[in-house]
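Read the structure below first, then the notes.
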Amino acid sequence: MRFLVTGASGFIGSNLAVSLQEKGEVLGLCNLAPGSMENLKGFKGEFIRGDICAFDYSLLGKVDAIFHQAAITDTTVTDQKLMLSTNVDAFQKILDYALKIGCKKVVYASSAATYGKGKVPMSETDSPQPANIYGESKVKMEIAAREFSKKHPEISLVGLRYFNVYGPNETHKDKAASMVYQLYLQIVSGRSPRIFKWGDQYRDFIYVKDVVLANLKAFEFDGNGAFNVGTGVPTTFNQVIQVLNAALGTHKPTEYFDNPYNFYQEKTQADMTLSKKTLGFTCQFSPESGIRDYVQNLKRTGVPV
Ligand SMILES: NC(=O)c1ccc[n+]([C@@H]2O[C@H](COP(=O)([O-])OP(=O)(O)OC[C@H]3O[C@@H](n4cnc5c(N)ncnc54)[C@H](O)[C@@H]3O)[C@@H](O)[C@H]2O)c1
């Protein structure tokens, strides 16, 4: 088997690329955001530096499956043209490449951002309500995927709506890294963890190892659609701090401050019924065991503070 992973030096892409090596030859494509080369330490496949918007895919030859992770992932980016050309137009280019080479499997990263401030738990049958241009770009990717599937049902095209992912290899994302990582950094640097009053807002935090597993399940699934990838469990920011303090053996008190944003998303929680039934996907890590595993990893690798 020969796989293409786009965004291969990014957070999720690097975890996926390394894991896929057990199944075959992996080609990694990425434009190499600053700092992310570190993520490719365990990667033995071929890495190609390139821009997904302008890349000549004919150079890659045939692949059996494409895992498309590359995107502008900073949700605060407001350049609409850049966001849509990178996240939507480049995706269309990848679909055209799949068609041209007869590749029968494309798995792509969508996002819980498609739900925006929708009700919880968030279900695939809910109408999209993206709250920013990033979320809109993911909705447009899913629309493009549906149109493509209608015309080319012979290609299995699966979108994965990741919820709030945390885990190894996210350091390069800086302020866009997960809240689990941000709070970890604050605690280990001797500061109090800082969150909006009163820390009872919640997220569906999912460990990156489970996101890799969801990709493998999507690879095995012979069909089309977009599916939630979360734990299904709401975890408050207060709970994250509690688990971090326990895992680190610290007792840092929480510092609460006023939330300045009126467009802030209070809650995310995935309804995992469809993913479980259709993809056979269930998380192996609870939020608590995932955060503990991550802290062990951060301690071992000595991430700079
Ligand atoms: N991390 C999360 O919580 C989360 C949640 C929902 C969805 N997602 C989606 O998962 C995917 C992976 O995200 P991530 O968290 O690993 O972020 P990331 O920023 O670490 O990875 C994205 C990678 O894409 C690359 N990239 C960006 N523009 C490119 C271009 N023009 N050409 C080539 N490469 C380019 C970047 O260099 C980066 O390495 C993205 O599609 C993202 O939208 C992530």
Side-chain angles (χ1 to χ4, degrees), residues 4-18 27-40 43 47-57 66-77 79 81-91 93-94 106-116 122 130 132-142 145 159-182 203-212 214-215 218 226-231 265 268 270 290 294:
L4 170 65
V5 178
T6 70
S9 61
F11 167 34
I12 296 167
S14 59
N15 280 283
L16 181 60
V18 168
L27 302 177
L29 173 66
C30 200
N31 68 350
L32 270 187
S36 57
M37 197 62 202
E38 274 288 292
N39 294 342
L40 288 171
F43 182 63
F47 180 78
I48 303 134
R49 186 174 189 170
D51 179 348
I52 51 164
C53 302
F55 193 70
D56 177 3
Y57 288 92
I66 300 171
F67 293 84
H68 178 49
Q69 306 298 314
I72 292 183
T73 59
D74 183 345
T75 56
T76 62
V77 169
D79 184 338
K81 202 167 159 219
L82 179 71
M83 186 70 85
L84 296 180
S85 65
T86 309
N87 291 9
V88 187
D89 300 349
F91 176 51
K93 213 168 137 69
I94 283 167
V106 180
V107 181
Y108 68 96
S110 182
S111 172
T114 53
Y115 294 114
M122 291 149 161
N132 51 32
I133 184 65
Y134 168 77
E136 259 174 54
S137 75
K138 293 293 178 180
V139 172
K140 284 186 194 299
M141 279 177 82
E142 290 193 7
L160 299 177
R161 294 182 182 170
Y162 304 153
F163 276 64
N164 298 80
V165 191
Y166 64 92
N169 296 3
E170 63 170 318
T171 313
H172 67 281
K173 292 186 75 172
D174 197 29
K175 287 190 171 59
S178 73
M179 272 303 284
V180 174
Y181 182 63
Q182 310 286 354
R203 295 279 177 276
D204 192 325
F205 287 108
I206 176 167
Y207 198 32
V208 71
K209 290 183 183 176
D210 277 325
V211 171
V212 169
N215 274 274
F227 301 91
N228 284 345
V229 175
T231 58
Q265 193 171 22
T268 65
Y294 186 25

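Remember, it's a predicted structure, so these values are computed and weren't measured experimentally. The figures here come from the full heavy-atom set of this structure, side chains too, leaving out hydrogens, waters and symmetry mates. In each ligand, atom 1 is the first atom listed, and ligand 1 is the first ligand listed.
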So which protein heavy atom does [atom] come closest to, and at what separation?
| atom | result |
| --- | --- |
| atom 16 (O) of ligand 1 | Ile12 N, 2.8 Å |
| atom 27 (C) of ligand 1 | Ala71 O, 3.2 Å |
| atom 23 (C) of ligand 1 | Gly7 CA, 3.9 Å |
| atom 3 (O) of ligand 1 | Val165 N, 3.0 Å |
| atom 31 (N) of ligand 1 | Asp51 OD1, 2.8 Å |
| atom 37 (O) of ligand 1 | Asn31 OD1, 2.6 Å |
| atom 11 (C) of ligand 1 | Gln69 O, 3.1 Å |
| atom 15 (O) of ligand 1 | Lys173 NZ, 2.7 Å |

Between the side chain of [X] and the main-chain N/O of [Y], is any donor-acceptor distance below 3.5 Å?
| X | Y | value |
| --- | --- | --- |
| Gln182 | Ala177 | yes |
| Asn228 | Gly230 | no |
| Lys93 | Phe55 | yes |
| Asn215 | Phe67 | no |
| Ser111 | Thr114 | no |
| Glu170 | Gly167 | yes |

Using a strict cut-off of 4.0 Å, indicate which atoms of ligand 1 neighbour a heavy atom of [X].
| X | result |
| --- | --- |
| Thr86 | 28 (N), 31 (N) |
| Ala109 | 9 (C), 10 (O), 11 (C), 41 (O) |
| Ser110 | 6 (C), 7 (C) |
| Ala70 | 24 (O), 34 (N), 35 (C) |
| Phe163 | 3 (O), 5 (C), 6 (C) |
| Gly10 | 20 (O), 21 (O), 39 (O) |

Quiz prompt | Residue that, paired with Tyr166, satisfies ring-ring contact (aromatic ring centres under 6.0 Å, His included) out of Phe11, Tyr181, Tyr207 | solution = Tyr207

With a 4.0 Å cut-off on heavy atoms, is [X] touching ligand 1?
| X | result |
| --- | --- |
| Arg161 | no |
| Gly50 | yes |
| Lys138 | yes |
| Tyr166 | no |
| Tyr134 | yes |

Quiz item: Closest approach of Gly7 and Ala70, non-hydrogen atoms and distance?
Solution: N-CB, 3.4 Å

Practice problem: Could you pull out the closest heavy-atom pair between Gln265 and Arg203, with the gap in Å? | Solution: O-NH2, 2.7 Å

Quiz prompt | 4.5 Å side-chain heavy-atom contact, Arg49 and Cys30 | solution = no

Self-check item: Close side-chain approach of Leu4 to Leu29, heavy-atom, < 4.5 Å
Solution: yes

Practice problem: Could you give me the CA-CA distance, side-chain angles and deciding distance for Tyr162 and Asp204, then say whether side-chain hydrogen bond (donor to acceptor under 3.5 Å, both in side chains) is met? | Solution: CA-CA 10 Å; Tyr162 304 153; Asp204 192 325; over 6 Å; no

Quiz item: Would you say ligand 1 has an N or O under 3.5 Å from any N or O of Ala112?
Solution: no

Quiz item: Looking only at N/O atoms, are Cys30 and ligand 1 under 3.5 Å apart anywhere?
Solution: no

Quiz prompt | side-chain contact (heavy atoms from CB on, under 4.5 Å) assessment of Phe47 paired with Leu32 | solution = CA-CA 10 Å; Phe47 180 78; Leu32 270 187; 3.8 Å; yes

Quiz item: Heavy-atom contacts under 4.0 Å between His172 and ligand 1: side chain, backbone, both, or neither?
Solution: side chain

Self-check item: Part of Thr73 within contact of ligand 1 (heavy atoms, under 4.0 Å)
Solution: side chain

Quiz item: Out of Thr114, Thr171, Ile52, Asp74, whose heavy atom sits nearest atom 32 (N) of ligand 1?
Solution: Ile52

Self-check item: Stepwise side-chain contact (heavy atoms from CB on, under 4.5 Å) check, Leu160 with Val107
Solution: CA-CA 7 Å; Leu160 299 177; Val107 181; 3.7 Å; yes

